[in-house]
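Before any comments, here is the structure.
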Amino acid sequence: MDSLKQFFDVVGGWVWGVPMLTLLVGTGVYLSLRLRFLQFSMLVFALKQAFTPHGKKEDGSDHDGDVSHFGALMTALSATIGTGNIAGVATAVVAGGPGAVFWMWITAIFGMATKYAEGVLAVKYRTTNSRGEKSGGPMYYIERGLNMKWMALLFALFGTLASFGIGSSVQSNSVAQSIQASFQIDSWMTGVVLTVFTALVILGGIKSISRVSSAIVPVMAIGYVLGGLVVIFSNLSLVGPVLELIFTDAFTGQAVAGGALGTVIRYGVARGVFSNEAGMGSAPIAAAAAKTDHPVRQGLVSMTGTFLDTIVVCSITGIVLVMGGLYTNGETGAALTTHTFEQLLPGMGGWIVTFGLVFFAYSTILGWCYYGEKCASYLLGDGFVLIYRLLYVASVFLGTVVSLDLVWAASDVFNGLMAIPNLIALLLLTGVVVAETRDFAEKRRSGHLY
């Protein structure tokens, strides 16, 4: 087991090294240029598509798909907004200094173009499965757009394997440990409760997952953001110096031992990607289920997920961590975030992080089940779906009672390997994304689309 973990650690270091991070961000930069920085010019319109109810003729009820734009976005965000927003940001600030927060923002800005392209391709190349549900994502646009079935199968394999680790057991382990530390409740008891609640939702499929995600995600995200804003406004005099430190350190690396600017950039980019998953290929699987009249409309909605995850939620965590100044004391991860919130907002700060962590992790379990299910059904057929869901539920409980060092190392590798075929497809299909974007703009100008 130790040798196997060592193997995955070595492979993981390669997979998540500078070449991969360069490819991830580089793809976002290239797409941004080809799309004329659509993430700026269309952001307000995109947010309106995601959150504003339309008129009767425009509510999407007569459009092809399984769930609403909002439902698809919440399903994607349920998997995206997770422990990375709390523990991941803390790791970035500890390892890369305050300047890492700035590079997380830069990663998110270009990642919005990547997430947009993923959403467009997901809808354009989606299919209908034997149960009448929409199936889409990288495996479908790789196969149907590039005619590379072998590469699509690789993505689906990596996605299925990653779901049991990063999607379920790692998340349930975080919940169990957090609850045990806060309430002294045994991990196996948390495991039973979490497994039952997970089974009740995911056995109902995408519509059930979407419905629950649409209820949980806004509440948990708004609650965490409001809690963070209370901390920030309670210490308003520190905001100016904190922002100045973040921007200064981003280009000097002074807070890192030896002034290593490369370390600041690397950790900011890496944790930014971990948090918003732009380029990973997971979110377009949920986007493919959306009821929509044009691929671009869902692409714009998908794009808002990166904005909300990193520019909003991660920024709250990052600013509070730098404000507290505890990142130099040897702590890291969720513990550092918890203690910083508690220091700046005694009595309530720690609870904000604890409950945020629990609900973020639970929502990630739900969202990743859908991702893994679609990958598994692509590999083995729709008849395997129920078996996959039962295995996934079992992995949720298993995560609360076993050591996860090996599982974490392995899932980290598979999660990174997912990105390679997806990024290749995005680069090769950029022309299709650009053409769809122009088509949408022309149809809006002519009045064929609202």
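- Shortest non-hydrogen contact noted between Gly416 and Met20 is O-CE, 3.3 Å.
- Distance alone, capped at 3.5 Å, places no donor-acceptor pair between the Glu436 side chain and the Pro295 backbone.
- His294 and Asp439 share a donor-acceptor pair across their side chains, judged by distance under 3.5 Å alone.
- Remark: Lys48 NZ to Leu43 CG distance equals 14.0 Å, nearest 0.5 Å.
- Counting all heavy atoms, side chain and backbone alike, Phe360 lies closest to Ser363 at O-OG, 2.9 Å.
- The closest side-chain heavy-atom distance from Tyr116 to Val296 is below 4.5 Å.
- Once rounded to the nearest 0.5 Å, the distance linking CD1 of Ile246 with CZ of Phe102 reads 10.5 Å.
- When all heavy atoms are compared, the tightest approach of Pro421 to Leu417 is CD-O, 3.1 Å.
- Closest non-hydrogen pair, Val320 versus Gly228, comes out as CG2-O, 4.1 Å.
- Distance check, rounded to the nearest 0.5 Å: NZ of Lys374 to CG of Asp382 gives 7.0 Å.
- Checked by atom type, the side-chain pair Gln298/Ser302 shows a donor-acceptor distance below 3.5 Å.
- Shortest non-hydrogen contact noted between Tyr141 and Ala122 is CD2-N, 3.8 Å.
- Between Trp103 and Phe251, the ring centre distance stays below 6.0 Å.
- Checking side-chain atoms of Arg144 against main-chain N and O of Arg126 turns up a donor-acceptor pair under 3.5 Å.
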Step by step, work out the side-chain hydrogen bond (donor to acceptor under 3.5 Å, both in side chains) result for Asp293 and Tyr450. CA-CA 10 Å; Asp293 58 353; Tyr450 64 91; 4.9 Å; no

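- Under the 3.5 Å distance criterion, with hydrogens and angles disregarded, no donor-acceptor pair is assigned to the side chains of Glu143 and Tyr125.
- There is a side-chain donor-acceptor pair under 3.5 Å between Ser168 and Ser395.
- Without hydrogens or angle criteria, Asn173 side chain to Gly399 main chain gives a donor-acceptor distance under 3.5 Å.
- To the nearest 0.5 Å, atoms CD (Gln49) and OG1 (Thr292) are separated by 8.5 Å.
- The residue from Leu161, Thr364, Asn415 that alone fulfils the side chain to side chain contact (heavy atoms under 4.5 Å, CB included) condition with Ile166 is Asn415.
- Contact annotation: the side chain of Pro218 approaches that of Phe70 to within less than 4.5 Å [non-hydrogen atoms, C-beta and beyond].
- Annotation: side chain of Arg36 is not in contact with side chain of Ser41 (no heavy-atom distance under 4.5 Å).
- Of the residues listed (Tyr371, Tyr388, Tyr392), the one engaging Ser163 in a side chain to side chain donor-acceptor pair (under 3.5 Å) is Tyr388, and it is the only one.
- Side-chain polar atoms of Tyr378 and Thr160 form no donor-acceptor pair below 3.5 angstrom.
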Residue pair Phe355, Tyr224: steps toward the ring-ring contact (aromatic ring centres under 6.0 Å, His included) verdict: CA-CA 9 Å; Phe355 283 108; Tyr224 182 76; over 10 Å; no

Verdict with reasoning, Phe37 to Phe110, per side-chain contact (heavy atoms from CB on, under 4.5 Å): CA-CA 9 Å; Phe37 288 90; Phe110 291 115; 3.9 Å; yes

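- In this structure, Arg444 satisfies the cation-pi test against Phe45, with its NZ or CZ atom closer than 6.0 Å to the six-membered ring centre and inside 45 degrees of the ring normal.
- Side-chain contact between Thr430 and Leu426 is absent, with no heavy-atom pair separated by less than 4.5 Å.
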Expected list for residues 230-237: side-chain donor-acceptor pairs under 3.5 angstrom, two or more places apart:
residue : atom : partner : partner atom : Å
Ser234  : OG   : Val230  : O            : 2.6
Asn235  : ND2  : Val231  : O            : 2.8

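- Using a distance-only test at 3.5 Å, with no hydrogens or angles considered, no donor-acceptor pair links the side chain of Thr310 to the main chain of Phe307.
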Under the side-chain hydrogen bond (donor to acceptor under 3.5 Å, both in side chains) criterion, do Ser32 and Gln39 qualify, and how do the steps go? CA-CA 8 Å; Ser32 296; Gln39 62 264 54; 2.9 Å; yes

Please report, to 0.1 Å, the donor-acceptor pairs under 3.5 Å made by any side chain of residues 84-91, with sequence neighbours excluded.
residue : atom : partner : partner atom : Å
Asn85   : OD1  : Gly82   : N            : 3.0
Asn85   : ND2  : Asp309  : O            : 3.2
Asn85   : ND2  : Asp309  : OD1          : 3.2
Thr91   : OG1  : Ala87   : O            : 3.0

List the steps, then state whether side-chain hydrogen bond (donor to acceptor under 3.5 Å, both in side chains) holds for Lys134 with Thr127. CA-CA 6 Å; Lys134 291 298 175 184; Thr127 63; over 6 Å; no

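- A 4.5 Å side-chain heavy-atom check between Asn422 and Met280 finds every atom pair outside the cut-off.
- Phe384 does not carry Arg389 over the face of its six-membered ring by the limits of under 6.0 Å from the centre and within 45° of the normal.
- Looking at heavy atoms from C-beta onward, Leu121 lies out of side-chain contact with Pro138 at the 4.5 angstrom threshold.
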side-chain contact (heavy atoms from CB on, under 4.5 Å) between Met112 and Lys115, intermediate numbers included: CA-CA 5 Å; Met112 288 170 70; Lys115 194 69 77 76; 5.8 Å; no

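- No side-chain heavy atom of Leu157 sits less than 4.5 Å from a side-chain heavy atom of Leu153.
- Put simply, the side chain of Thr340 never gets that close to the backbone of Leu321: no donor and acceptor are under 3.5 Å apart.
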Show the numbers, then the answer: is there a side-chain contact (heavy atoms from CB on, under 4.5 Å) between Met303 and Leu38? CA-CA 10 Å; Met303 181 180 81; Leu38 167 144; 3.8 Å; yes

Please test Leu357 against Val175 for side-chain contact (heavy atoms from CB on, under 4.5 Å), starting from the C-alpha separation and ending with a verdict. CA-CA 7 Å; Leu357 187 66; Val175 173; over 6 Å; no

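- Note that CG of Leu423 is 13.5 Å distant from OH of Tyr30, once rounded to the nearest 0.5 Å.
- Nearest heavy-atom pair, Ala92 versus Ala100, reported as atom, atom and distance to 0.1 Å: O-CB, 3.6 Å.
- Between Met104 atom CE and Thr317 atom OG1 the span is 8.0 Å, to the nearest 0.5 Å.
- In this structure, Phe440 places its CZ atom where more than 12 heavy-atom neighbours from other residues, nucleotides or ligands lie under 6.0 Å away.
- Side-chain N/O atoms of Tyr362 and Ser172 include no donor and acceptor closer than 3.5 Å.
- A donor-acceptor contact under 3.5 angstrom links the side chains of Ser315 and Trp105, judged on distance only.
- For the pair Cys369/Thr198, no side-chain contact is recorded, criterion being any heavy-atom separation below 4.5 Å from C-beta on.
- Between the Asn276 side chain and the Thr306 main chain, no donor and acceptor come within less than 3.5 Å of each other.
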